[in-house]
Structures are given as C-alpha cells and as structure tokens.
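So you know, we letter chains A, B, ... as the sequences are listed, proteins then strands, and number each from 1. Bear in mind the structure is a predicted one, so any value in this text is a computation, not a measurement.
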There are 2 protein chains.
Amino acid sequence: MYLSIDFNSDEAIYLQLCNQIILGIAMEQYREGDPLPSVRQLADNIGINMHTVNKAYTVLKQEGFVKLDRRRGAVISLDVDKIRSIEELRRNMQLLIARAICKNISREEIHQLVDEIFLEYLGE
Amino acid sequence: MYLSIDFNSDEAIYLQLCNQIILGIAMEQYREGDPLPSVRQLADNIGINMHTVNKAYTVLKQEGFVKLDRRRGAVISLDVDKIRSIEELRRNMQLLIARAICKNISREEIHQLVDEIFLEYLGE
DNA sequence: ATGTTGTTATATAAAATGTATAACAGATAT
DNA sequence: ATATCTGTTATACATTTTATATAACAACAT
C-alpha cells in the first residue's frame, strides 16, 4: 500500500487519498474484495488524523468504489452504474478537451494520450 | 455572453466562471482579441461580487487564456505552452481514465466520447 | 473633468478542511 | 467474559478558502 501524500499540494488530503486508491484499483493493485487499511491504521501510517481518512473512505463509498463493514473495515467493492459514470466522465472530459483545444492540442494527440494511459494501466 | 452560475453547486463561483469562459473559447464563441466584460459589469450582470469575477480573470490570466489591460479590460489572448499543457492534461486524464476503468468503461468508449465532444465543439 | 479600466487594501462572514478527544455499538479472538 | 479491533458519531477548535462589502488608487478614454 504505497500512498504518498503531498502536504504542500493545493489538493485536499482526503481527495489525494481518494485519487490514489482509485488509481490503485484501476492499475489492478487492488481487486474486488481486497481490504483497505483501517481508518486508524492508515491515519497512523501516513501521520494524519483519523477523520481525514474516514472522509476519504466515505467519499469512496458514496462514489461506489468501496463498501464499509464494521467487521472487515473498508473493502474494495465496485458498484458499476455505467450510465451515471459515463455522464460524469463526459462532463469532466468536456472541460479537459476545452482546455486542450485552447492550447492547440489536437484530437489525434488526445487519442494517443488515452492509448498511452491505457497501456500504462492495463498493458492493453 | 451566456454565463449561467449555479449557486447551489459545490463548485466555487469563480471556477464556474473560468470553466464557462474556457468552454466559450473552445467553441469559438470568443476569439483571440475579443474583450470580456469588465469585472464590474459582469459582477453586476450575474449578481455577484466584483472580486469573485476578478479572481476568475486572474486565474484565467495565470493559466494563459486572457490578458488583462487597464485600457481595454480583459481580452482573450491564448498563451500556448504546449508542453506544459500536455503535462497537465495527462495528469487530469489519468484520473479520469482510472475512474472510467473502475466503472467498466472501455478504451473504445472513451475514444468515441472524445470524438463526440470534438464534434460538438468544432464540428470536426 | 468625468467615467471607465484593472488593481490593491481592509474587513467581515460563511464554508471547507484538518486536527484533537472521546465515546458508542458491532464483531472477533483469546 | 474480556480485550481488542472495526466503522460511526459527537463535540470542539484552528486554518484556509470562498465570497462579499467598501474604499481608494493609477492609467486611460471621452
């Protein structure tokens, strides 16, 4: 479990946690059913407060990446609401592509970037 | 100048302004050299504070989308630092794609989405 | 001169973020 | 049973971010 937090980042700690865990799932470091560290363990490990980790886990639960269980703690559990996910992806992608167009980045360059990232994640 | 602000959004007003203006540039509603409304005009128009608009304009300047001029106000002016822009795009795209993979969205579906958005923006 | 720019300063209020303790109920292992 | 581990909830506090409210300034246009 390699979670590196940048305390000087302008990004909130709990969001950094969310993003890195989602990256870990995408890169198949974590799989369905795998447990995450308990909020107290992870907080101690990183050197932050328990509630910051708890907030990250709560967001991940809300967004359908983990389930929280009093017995086993936080467990990777993917709830795939594909329609909703694509809607959200489209909204965010629109903003990224708008910025890209303003910076003279072409459609082809974006396609290539997408392929590179998929290769990096899945070797696909 | 259609700028619609959602006051109930969790997204900060000045960021909504930034994003909509960048969308406007990408969709070629605004072109290089076009003036934006003055901070006071736009603030009055929307019904928000002058400084909120000023912050949006300052961020847009910082990110190379406009130049600010005491004479003419804010003017669309694209500073294209392509290398830096691609780095930023890659970082953000990595997060989007990680989320997409977790939600069983395929590489092909993302390519299609990119094409749809380009069509929407540029008819390209 | 008057009015418009962006800019800067100060002050205030609300919300978001992160920390610090503490306690609770459910589950597990001994 | 007891101790220990879960997530959960509550309270309190400090800091930062966000947004507003006034006010004034220098540069420029008419």
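- Atom CG in B:D6 sits roughly 17 Å away from atom P in D:dT18 (whole-Å rounding).
- Between A:R72 and A:G47, the one whose closest nucleotide on DNA chain C sits nearer the 5' end is A:G47.
- Side chain of B:A12, nearest nucleotide from C:dT7, C:dA22, D:dT18: D:dT18.
- Residue A:Y57 places its side chain closer to D:dG7 than to any other of D:dT20, D:dG7, C:dT7.
- Here the C1' atom of nucleotide C:dT4 and the CG atom of B:N54 are 15 Å apart, to the nearest Å.
- Each of A:D69 and B:D69 lies near DNA chain D, and the nucleotide nearest A:D69 is the one positioned closer to the 5' end.
- Between the P atom of D:dT17 and the CD atom of B:E11 lies a distance of 17 Å, rounded to the nearest Å.
- Side-chain contact check for B:N54 and B:R40: no donor-acceptor pair (N or O, by modelled atom type) lies under 3.5 Å.
- Judged by the 6.0 Å distance and 45° axis criteria, A:K67 is not positioned over the aromatic ring of A:Y57.
- The base of C:dT21 does not come close enough to the side chain of A:R40 for any donor and acceptor atom to sit less than 3.5 Å apart.
- A straight line from CG of B:L15 to P of C:dA15 spans 18 Å, rounded to a whole angstrom.
- Distances shown here put every side-chain N or O of A:T52 at or beyond 4.0 Å from the OP1 or OP2 atom of C:dG18.
- The closest side-chain heavy-atom distance from A:I86 to B:I105 is below 4.5 Å.
- Rounding to the nearest 0.5 Å places SG of A:C102 at 11.5 Å from OH of B:Y30.
- Comparing atom distances between the A:I48 side chain and each of C:dT19, C:dT7, D:dG7 picks out C:dT19 as nearest.
- When each of D:dT22, C:dA22, C:dT7 is scored by its nearest atom to the side-chain atoms of B:H51, the top-ranked nucleotide is D:dT22.
- Between B:L68 atom CG and D:dC28 atom P there is a gap of 15 Å when expressed in whole angstrom units.
- Atom CD1 of A:I13 and atom P of D:dT16 are 13 Å apart (whole Å).
- Between B:F65 and A:R99 the shortest side-chain heavy-atom distance falls below 4.5 Å.
- Checked against D:dT20, C:dG18, C:dA23, the side chain of B:N49 finds its nearest nucleotide in D:dT20.
- With distances taken from any side-chain atom of A:K61 to the nucleotides C:dT8, D:dT8, D:dC28, the minimum falls on D:dT8.
- Closest contact between the side chain of A:M50 and the listed nucleotides D:dG7, C:dT7, C:dA22 involves C:dA22.
- Proximity of A:Q41 to the phosphate of D:dC5: no side-chain N or O atom is located under 4.0 Å from OP1 or OP2.
- Under 4.0 angstrom from either OP1 or OP2 of C:dT17 there lies at least one side-chain N or O belonging to A:K55.
- No hydrogens or angles considered: nothing links the side chains of B:D34 and B:Q29 as a donor-acceptor pair under 3.5 Å.
- Atom C1' of nucleotide D:dT20 and atom CZ of B:F7 are separated by 12 Å, given to the nearest angstrom.
- Between the OH atom of B:Y14 and the P atom of C:dA15 there is a distance of 17 Å, rounded to whole Å.
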